[in-house]
Amino acid sequence: MEKEIEMVKVGPEEGGKECKKMAAETGKECNRLAPEGGTDCVMVLSGGMDSVSMLWEYRSRIALAVTFDYGSNHNAREIECARRNCDRLGVEHLVIPLKFMGEYFESSLLSGAEAIPEGHYTEENMKSTVVPFRNGIMLSVACGLAESRGLRHVMIANHSGDHTIYPDCRPGFVEAMSEAMKQGTFDGVDILAPYTMLTKADVARHGADAGVDFALTYSCYKGGEKHCGKCGTCVERREAFALAGLPDPTEYLD
């Protein structure tokens with residue numbers, strides 16, 4: 001998907017202090033890619049650890065981050081995290097309401113904390129948390145923003161751990177949606193989803209390398225002041241930090 005524009009690898013001289021630090025510690029070039037001439041992406045930013053990791057890692061490419069207020073249990077806390085991270089990076093941030101989803105769609109994620117099942121994402125009952133075609137709707141809006149702003153790509157932070165439960169996080173969907181967007185826009189706007197085949201632990205490592213403060217991210221599907229520690233997102237969050245060998249700054253109730 002990146003073949004259509006000229007790309008340069010951001011190395012220790014060009015990439016700023018973060019890339020210099022990574023190069024000094026690892027002996028490798030920074031893995032971020034930047035287009036010649038500046039930013040070229042709109043990013044769908046939830047405020048969770050995956051999308052915030054992508055925001056920080058690819059900040060040199062992101063012209064605009066968009067967060068959607070669709071009525072989920074944890075929306076308000078995620079939106080605040082998204083805002084604070086964009087403020088830190090100086091990235092323009094929009095919050096777009098999608099109130100109709102909360103009013104007309106069926107999902108435990110839209111039905112209050114009591115409706116959220118507990119357990120790992122691999123368990124059958126976690127399918128109740130799926131908001132039908134959520135990513136399709138959000139990507140469509142982000143695509144329109146991209147073309148309106150003269151930007152070439154829409155970024156999304158789906159990863160391999162999402163594939164089991166969420167149909168609109170799977171590689172086939174992302175590829176098909178990207179092609180639909182290209183066909184439906186004059187400039188051929190497409191999707192960049194570099195985390196698609198990574199695990200959540202991999203994503204956490206990327207975020208840590210990019211300088212993310214994970215205390216400024218939110219995951220819990222119940223939406224409380226503290227993470228519940230039992231819902232699928234809390235279980236997966238805990239596992240990701242443990243598998244990545246990173247400290248977990250999250251306050252859990254259990």
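- In this structure, Glu225 has no salt bridge (Lys or Arg N to Asp or Glu O under 4.0 Å) partners at least two apart in sequence or on a different chain.
- Listed for the Ser51 side chain is a donor-acceptor partner under 3.5 Å among the backbone atoms of Ser46.
- Asp168 is linked by a side chain to side chain contact (heavy atoms under 4.5 Å, CB included) to Arg134, Asn135, Tyr166, Phe173, counting only residues two or more places apart in sequence or in another chain.
- Ionic pairing of Glu80 and Arg77 is not present here: no N-O contact between side-chain nitrogen and carboxylate oxygen is shorter than 4.0 angstrom.
- Within the structure, the side-chain hydrogen bond (donor to acceptor under 3.5 Å, both in side chains) test picks out the following pairs touching residues 97-109 (sequence neighbours left out): Ser108-Ser128.
- The hydrophobic cluster containing Leu216 does not contain Tyr218, counting ILVMFWY residues as joined when their side-chain heavy atoms lie under 4.5 angstrom apart, directly or transitively.
- Taking the six-membered ring for Trp and the full ring otherwise, Phe241 and Phe214 have centroids separated by under 6.0 Å.
- In this structure, Arg152 does not pair ionically with Asp187, as no charged nitrogen and carboxylate oxygen lie closer than 4.0 Å.
- Residue pairs meeting the side-chain hydrogen bond (donor to acceptor under 3.5 Å, both in side chains) criterion with at least one partner in residues 243-254, sequence neighbours excluded, are Lys230-Asp254, Arg237-Thr250, Asp248-Thr250, Asp248-Tyr252.
- A salt bridge is defined here as a Lys NZ or Arg NE, NH1 or NH2 lying under 4.0 Å from an Asp or Glu carboxylate O, and Arg205 with Asp202 meets this definition.
- In this structure, Phe68 has no ring-ring contact (aromatic ring centres under 6.0 Å, His included) partners at least two apart in sequence or on a different chain.
- Partner of Val44 under the side chain to side chain contact (heavy atoms under 4.5 Å, CB included) criterion, chosen from Val141, Ile191, Val154: Val154.
- Between Val130 and Ile165 there is a side-chain heavy-atom pair separated by less than 4.5 Å.
- Ala82 meets the side chain to side chain contact (heavy atoms under 4.5 Å, CB included) test with Leu45, Thr67, His93; sequence neighbours excluded.
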